[in-house]
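Below is one structure, written out as structure tokens; the observations come after it.
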Amino acid sequence: MSVNLRGRHFLKEIDFTPVEWSYLIDLTAQLKVERKAGKFQQRLAGKNLALLFEKTSTRTRCAFEVAAYDEGAHVTTLDAGTSQMGHKESIADTVRVLSGMFDGIEYRGAAQGTVETMAKYSDVPVWNGLTDQWHPTQSLCDIFTMAEASKKALPEISYAYLGDSRFNMGCSLLIGGALAGADVRIISPTALQPGADVVTHANQIATQTGAKITITEDLDQVEGCDFIHTDIWVSMGEPEAVWAQRIELLRNYQVNAALLQRTGNPAVKFMHCLPSFHNRETQIGEKIFQLFGMGELEVTDEVFESANSIVFDQAENRMHSIKAVIVATLT
Ligand code: CP
Ligand code: NVA
């Protein structure tokens, strides 16, 4: 089936059909092969991209910039507080200005509504570089990374996500896996499970793709998994005051050697969107240790640094998958 995503926004996974999602995964694979072979097609020559970051970023920003340069595009990056947007000029006005100058606009911020408003007023594709609710360039990367790291086809792959699954990564891995037809297990305390609307979407998609969706508190559900994912327990923009409660809720959901053993699969792979608090070598990691006595949070250093961990392959794949999104929507 032919797929054409030219001119489309990339705001959240549920805006895409399983066939379109699969197309983006295949395009990621193709672009990665090309780059490894030193082939640069300059598909975006003459294009200009605006990258707006209202929250901090290492991977997403660098991935957009390198992907753009590889394909011959230019980028302008605006960090929080360095433009008029928000405090002096509305989102709707800002995006109408930007879409007159740029061919595509990336946005990272808090509210999903902001990136949806941008898309409404923009004449050019808008790409969601993370909001509190969705992180679709990350889930695209993660699904691609699992396909790449496994001998199984995606519908045969099972994975669990442990952590705060109300937030972006839980929701995005749930829907991204549903679109891919995978066996997706969201394992979190009830208070941190995804909203009913997201779960309904996942189940609806699963009826088309054959995905298996499990939402549970039960850590035994990691049994047989090919991949274990987690994320930080307190996300960007959340107040520091939530750390105490979050640690209480998620302490038992730490990905450690015992948890990997519980899968019963010695070849299980560990994945994390990063950044990660797996040691005390960050300001926040050290502060949390001083306050709560935990020097490793969502994952132990042992697992993070183990042969099971593919987190840095996953991080590299952000660039290939983001390149696929840009190329698919602009050419
Ligand atoms: N995974 C991810 O989005 O990383 P950054 O916050 O560094 O962009
Ligand atoms: N849930 C994390 C993801 C970071 C890539 C956050 O929003 O901070």
Side-chain angles (χ1 to χ4, degrees), residues 10-13 28 49 51-68 75 77-80 106-115 127-146 161-176 186 188 192-195 198 229-240 242-243 246-247 249-250 253-255 270-278 281-285 288 297-299 304 309-326:
F10 189 80
L11 307 178
K12 55 191 180 299
E13 295 83 350
T28 301
L49 314 184
L51 310 180
L52 277 50
F53 285 90
E54 294 200 306
K55 289 178 172 177
T56 51
S57 170
T58 299
R59 278 145 291 272
T60 309
R61 175 180 174 157
C62 294
F64 268 98
E65 292 196 1
V66 173
V75 302
T77 303
L78 297 177
D79 286 315
E106 179 274 352
Y107 174 78
R108 166 174 285 200
Q112 180 69 18
T114 304
V115 77
W127 308 299
N128 179 359
L130 176 146
T131 62
D132 291 348
Q133 194 174 358
W134 302 108
H135 196 4
T137 62
Q138 182 74 54
S139 68
L140 178 66
C141 161
D142 295 355
I143 302 291
F144 166 74
T145 303
M146 288 188 278
Y161 171 84
L162 276 63
D164 179 0
S165 48
R166 298 164 310 166
F167 227 79
N168 43 32
M169 282 315 303
C171 295
S172 278
L173 280 171
L174 172 57
I175 301 294
I186 302 295
S188 308
L192 299 181
Q193 290 179 358
V198 179
H229 294 251
T230 190
D231 183 16
I232 49 172
W233 289 347
V234 174
S235 286
M236 288 184 280
E238 291 198 278
E240 275 188 32
V242 304
W243 268 109
R246 207 57 65 73
I247 286 174
L249 283 169
L250 288 172
Y253 292 78
Q254 183 188 62
V255 181
F270 171 70
M271 296 179 66
H272 191 312
C273 60
L274 306 181
S276 163
F277 296 125
H278 58 95
E281 292 174 18
T282 63
Q283 288 167 6
I284 294 175
I288 297 301
L297 295 172
E298 74 278 3
V299 57
F304 187 92
S309 174
I310 56 169
V311 297
F312 296 111
D313 295 330
Q314 181 183 1
E316 178 194 320
N317 286 338
R318 294 300 308 289
M319 199 279 290
H320 306 296
S321 50
I322 281 174
K323 190 187 284 181
V325 170
I326 304 174

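Counting starts at 1 for both ligands and their atoms, in listed order. This is a predicted model, so every value here is computed, not measured.
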Practice task
With side chain to side chain contact (heavy atoms under 4.5 Å, CB included) as the test, would you mind laying out the steps for Thr77 and Phe53 before giving the verdict?
Solution key: CA-CA 8 Å; Thr77 303; Phe53 285 90; 4.0 Å; yes
Would you confirm whether [X], through its side chain, and [Y], through its main-chain N or O, come within 3.5 Å as a donor-acceptor pair?
X	Y	result
Asn168	Trp134	no
Gln254	Leu297	yes
Thr60	Ser57	no
Gln314	His272	yes

Practice task
Scan side-chain atoms only and decide if Arg166 and Gln193 contain a donor-acceptor pair under the 3.5 Å cut-off.
Solution key: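 No pair is found: no donor N or O on one side chain lies under 3.5 Å from an acceptor on the other.
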Problem - Note: Arg246-Glu238 ion pair, threshold 4.0 Å (strictly below) - result: yes
Problem - Salt bridge present between Lys55 and Asp132 (N-O < 4.0 angstrom) - result: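 Salt bridge flag = yes for Asp132 with Lys55.
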Exercise for the section: Drop me the distance from Ser165's OG to Tyr253's OH, to the nearest 0.5 angstrom. Expected result: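 One gets 9.5 Å once the value is rounded to the nearest 0.5 Å.
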Is there any protein N/O under 3.5 Å from an N/O of ligand 2, and what does the full list of such pairs look like?
| unit_1 | atom_1 | unit_2 | atom_2 | d |
| --- | --- | --- | --- | --- |
| ligand 2 | 1 (N) | Asn168 | OD1 | 2.8 |
| ligand 2 | 1 (N) | Asp231 | OD2 | 2.6 |
| ligand 2 | 1 (N) | Ser235 | OG | 2.7 |
| ligand 2 | 7 (O) | Asn168 | ND2 | 2.9 |
| ligand 2 | 8 (O) | Met236 | N | 2.8 |

Problem - Neighbouring residues of ligand 1, heavy-atom cut-off under 4.0 Å - result: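 Lining ligand 1 at under 4.0 Å, by heavy atoms, one finds Ser57, Thr58, Arg59, Thr60, Arg108, His135, Gln138, Cys273, Leu274, Arg318.
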